[in-house]
Amino acid sequence: MNYNWNWAVLFEEQYLSWLISGFGWTVSVALSAWCIALVIGALVGVGKTVPNRVIRAVSATYVEIFRNVPLLVQMFIWYFAVPELLPDDWGRWMKRDMPNPEFVTAVIALALYTASRIAEQVRAGIETVPPGLTSAATAHGLSVSQTYRYVLLPISFRMIVPPLTSEFLTVFKNSSLALTIGLLELTAQSQQIAEYTFQGFEAFTAATVIYVCIALVATGLMQLLEKYTRIPGYVGTEG
Amino acid sequence: MISIENISKWYGDFRVLSNCTTSVRKGEVVVVCGPSGSGKSTLIKCVNGLEPVQEGKITVDGDEVTAKRANLTALRSRIGMVFQHFELYPHMSVLENLCLAQEKVLGRGRKEAVVRAEKLLTRVGMEDHAKKYPSQLSGGQQQRIAIARSLAMDPIAMLFDEPTSALDPEMIKEVLDVMIELAQEGMTMMVVTHEMGFARKVADRVIFMDEGAIVEDRPTNDFFDNPESERAEDFLSKILGH
Amino acid sequence: MADFDFNVIWSSLPFLWQGLQLSLWLTFLSIIGGIVLGTLLALARLSGILPLSLIAATYVNLIRSVPLILVIFWFYFLVPLVLGRPIGSFYSALIAFVLFEAAYYSEIMRAGIQSVKRGQIHAGQSTGLNYWQIQRYVVLPQAFRNMIPILVTQGIILFQDTSLVFVVSLRDFMTASSIVARTEGRLVEMYLFAAVVYFVICFSGSMLVRSLKSRMST
C-alpha cells in the first residue's frame, strides 16, 4: 500500500471549516427531521390501532408507502417531482423563493420516511400492552381517547424507548442522503476534502470519528431517558 | 460407577450445593428428591459436567469429570441424560433426533444408526412415529423418544432430571413404565423425581436434599419407613399426604 | 400535470431492466455474504473468548454508527489502494455492502442464537456433541428458522439500500432511472416510475414476511 499520510490536512483552516459546517448540517437536518417524525410517527402509529376503520386504513397506507420506497427515491421526488406536480404558483415558489431548498427538502423527506418507521414502533408498543388493561379501562368508564391518554400511551411509550434509540441513530445516518440533492453535510464534506486533497484516509476517518461520537452521545441521551421513564418491575424495560 | 466427593457450587454469593458426597454403584438405581430449590437438579447436572462445580471431585467410571482438562464430550457420550422439558430438537424428525449423535459422535454409519434407532423406538413403543416432528407428539411421547435418544448412545449410566414433572398426569405412567423396565434390566440410574411410587418400586437408595445439602442418603425402605430428619419427614408427609 | 410523457419509460425499458438486474444481483450476493459474515460475527461475540467477542462487538458497533454512503465512499477509496489495482465499482460496492450489512445481520443472528433455549444446548452436550457440532446441527438451524421473517425484512431494507450506489454512479436501477430522467428531461415521470417499481418489489416482500410470520405463529 502506497500512501502519503498527512493528518495535518484536517486542521488546515479551509478543510476544518468544511468539516465543522458539514457536522452542523448533519445535526440540523437530523434533529429537525426527528422532531417532525416523532409527532407524525406517534399519530400514525396510534392511528393504526384505533377502532375506526378509515383512520386505520389511512395510517396503514401511509406506513406501507413510505416504508417501501427507498429514501433516496423519496428525496428525489420531493426535490425534483413535487414542485412540478403542485399548482403552478406553489411550484414556482418552491423552485425560486423557498429559502434553503436543499435543507427544507431533506428535512421533509427524512421526516416523513422516519415517521413511517416510528409509527411501526409505536404500534408494536401499543400492541404489547395486555388487552386486559384496555378492558379494565373501558370497564372503569374511560372513553377511547382517555384510554389512550392515560393507559396505552404512557405504558407503550416507555416500552418503545429502546427501539427508538436505534431509530434516533438511524436518522443521523440517513441524513447523509441529503448529499444527493446537494446539501453539503458531513459525508459530502469529507468526500469533497478527499477529492481536493487526495487524503481520503484522513478525510473519511474524520467523518467516521464524528459519526461515532454522535452515536455515542445519542445513545447516552436515550439511555438517560430510558432510566428516567422506566416503570419499576415492568417486563420489557429492564436495561 | 459414579462418585461424588465433597462438591460445592456457588452462583455468585449464593451457595447452591454444599459439601455433597454420595456414590452410585453399577446397576444401582438412586432417586434424588427434595423440595424445589434444594439443588437436586443442579447436582445431577454436575455429574456430566453441564454445570461446573467450584469445589470437590466427581468421577464417572474412573474418569474425573471435574478435572481441568477433562474430555467432557467423550465422557458425556457415555452417560445418557433425560431432561424435564424433553429437549428434542424441534427442527428434526424423531428419527433424525435419534441418529444425530450416533453419527456425529460415535461415528456410526447412517444405516447402523437407523437400525439402532428403530429398535429403540420399538422398545419405547414409538415405532410408528419415526417420521414425525416433536411438535406433533404429546409430552409423554416426546419424553419416551428423549429416553430412546439417550439409549441410542449405549450409555453406561442414565441421568433423569425430573422426567415427568412437565407432563400431564395421564402421561406420567407411560414414561415411568419405560423407566421401570430400564431399571429392572440393570441400568445404572440416577433419577431426580417426586414420583415416590417409582422410588419405592425400583430405587435401591433414596437421597433427600434440602438447601443444597444431602440430608439423607439411605436404602429405600429405611427412608420411607423411618426418615431420620424432620425435614425429610415433613417433605414425605406433604408429598404423600395427598 | 399537462405535459407529462410516460412513453419515455416504455422506450427505455431494456436499459432500466439491466439496472434492475444489477440491483437484484447485488442484493442477492450481499444478503448471502452478509448472513455468512454476520453469523460468524455473532458466534465470535457469543463465544465467551474475550478478545474475540470484543473485536466483534467493536466492529459491529462501529459499522452501525456510520452511514452506508460513507462506508461506500470508504471502500471505493480503500479497496483499490489495498489491492494495488482497481477491481471495478461493482466489486467495491459488493465488498462495502457485505461488510456493512454483516453488522446488522450479526445482531439478528445474535438474537436468534440467544432465542434457542439453553436446554437444547444441554441436550446436545449430554450426548457428547462438541461445540461446533452443537452450533452446526442444533443451534444455528433453529436460530435461522426463528429469524427468517427478520432476515427477509433486512433483505428488503438491503434492496432499498442498494439504490445508494447512485453516489458512485454504479449503474443499478436507481442510477439507470436517473440517467434516463436527465438525458430525456423527464424527471417527474422517471422518479415516480422508480418509486412504483421499488414499492411493488418491497411491498411484495413485506407481504411475504407477514405470511411467514403468521405461518410460524400457528
Side-chain angles (χ1 to χ4, degrees), chain A residues 1-3 26 63-88 117 166 169-170 172-180 185-188 190-191 194-195 198-201 203-205 207-216 218-219, chain C residues 1-4 23 61-78 81-84 107 153 156-157 159-168 173-175 177-178 181-182 186-207:
Chain A
M1 197 162 113
N2 246 328
Y3 191 77
T26 291
V63 170
E64 293 305 337
I65 289 178
F66 283 89
R67 204 176 49 167
N68 285 312
V69 175
L71 177 55
L72 179 59
V73 179
Q74 296 187 32
M75 201 83 61
F76 279 9
I77 288 180
W78 286 107
Y79 195 67
F80 296 115
V82 167
E84 309 293 333
L85 295 170
L86 288 175
D88 284 351
R117 299 169 53 117
S166 99
L169 293 184
T170 306
F172 282 97
K173 289 180 272 175
N174 279 341
S175 69
S176 63
L177 268 74
L179 72 85
T180 59
E185 46 65 72
L186 185 54
T187 303
S190 70
Q191 161 77 351
E195 271 177 13
F198 299 105
Q199 304 297 147
F201 210 99
F204 295 137
T205 302
T208 304
V209 169
I210 296 173
Y211 276 114
V212 170
C213 290
I214 292 176
L216 289 176
T219 312
Chain C
M1 292 217 25
D3 42 28
F4 289 133
S23 296
N61 287 328
L62 175 70
I63 292 287
R64 279 161 52 92
S65 351
V66 294
L68 177 54
I69 296 186
L70 184 59
V71 176
I72 295 175
F73 282 159
W74 256 120
F75 283 95
Y76 262 67
F77 158 75
L78 217 49
L81 198 65
V82 171
L83 295 180
E107 288 296 273
T153 303
I156 299 169
I157 296 173
F159 176 62
Q160 294 189 18
D161 281 348
T162 59
S163 65
L164 293 183
V165 297
F166 174 81
V167 298
V168 284
F173 180 66
M174 184 64 208
T175 311
S177 308
S178 166
R182 278 163 213 282
R186 294 287 170 194
L187 298 177
V188 180
E189 295 88 332
M190 286 314 299
Y191 289 137
L192 286 178
F193 176 68
V196 169
V197 171
Y198 275 111
F199 178 82
V200 168
I201 295 173
C202 297
F203 186 68
S204 322
S206 352
M207 296 313 264

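- Between the OG1 atom of A:Thr219 and the CZ atom of C:Arg64 there is a distance of 9.5 Å, given to the nearest 0.5 Å.
- When heavy atoms are compared at a cutoff of 4.5 Å, A:Ser190 approaches chain C solely by way of its side chain, counted from C-beta outward.
- In this structure, chain A has no heavy atom under 4.5 Å from any part of C:Phe159.
- With a 4.5 Å cut-off on non-hydrogen atoms, A:Leu86 does not touch chain C at all.
- Among A:Leu169, A:Ile214, A:Thr170, A:Leu177, the residue making the largest number of heavy-atom pairs under 4.5 Å with chain C is A:Leu177.
- Taken to the nearest 0.5 Å, the CZ atom of A:Phe76 stands 10.0 Å off from the OG atom of C:Ser177.
- Among A:Ala207, A:Gly200, A:Pro87, A:Ala218, the residue making the largest number of heavy-atom pairs under 4.5 Å with chain C is A:Gly200.
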Please output the side-chain donor-acceptor pairs of residues 65-78 of chain C that fall under 3.5 Å, not counting sequence neighbours, one pair per line with the distance.
| residue | atom | partner | partner atom | Å |
| --- | --- | --- | --- | --- |
| C:Ser65 | OG | C:Asn61 | O | 2.5 |
| C:Ser65 | OG | C:Leu62 | O | 3.3 |
| C:Trp74 | NE1 | A:Thr208 | OG1 | 2.8 |
| C:Tyr76 | OH | C:Ser89 | O | 2.9 |

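- Residue C:Arg182 holds its CZ atom at 4.5 Å from CZ of A:Phe80, rounded to the nearest 0.5 Å.
- Counting only residues at least two apart or in different chains, side-chain hydrogen bond (donor to acceptor under 3.5 Å, both in side chains) contacts with residues 68-80 of chain A comprise A:Glu64-A:Asn68, A:Asn68-C:Ser206, A:Tyr79-A:Glu102.
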* Asked: Should C:Leu192 and A:Leu85 be marked as a side-chain contact (heavy atoms from CB on, under 4.5 Å) after you check the CA-CA gap, both sets of side-chain angles, and the distance that decides it?
  -> CA-CA 11 Å; C:Leu192 286 178; A:Leu85 295 170; 4.3 Å; yes
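- With values rounded to the nearest 0.5 angstrom, C:Leu164 atom CG is found 8.0 Å from A:Leu71 atom CG.
- Between A:Arg67 and C:Gln160, the shortest heavy-atom contact is O-NE2, 2.8 Å.
- Contact count versus chain A (heavy atoms, under 4.5 Å) is highest, among C:Ala181, C:Ser178, C:Ala195, C:Ala194, for C:Ala195.
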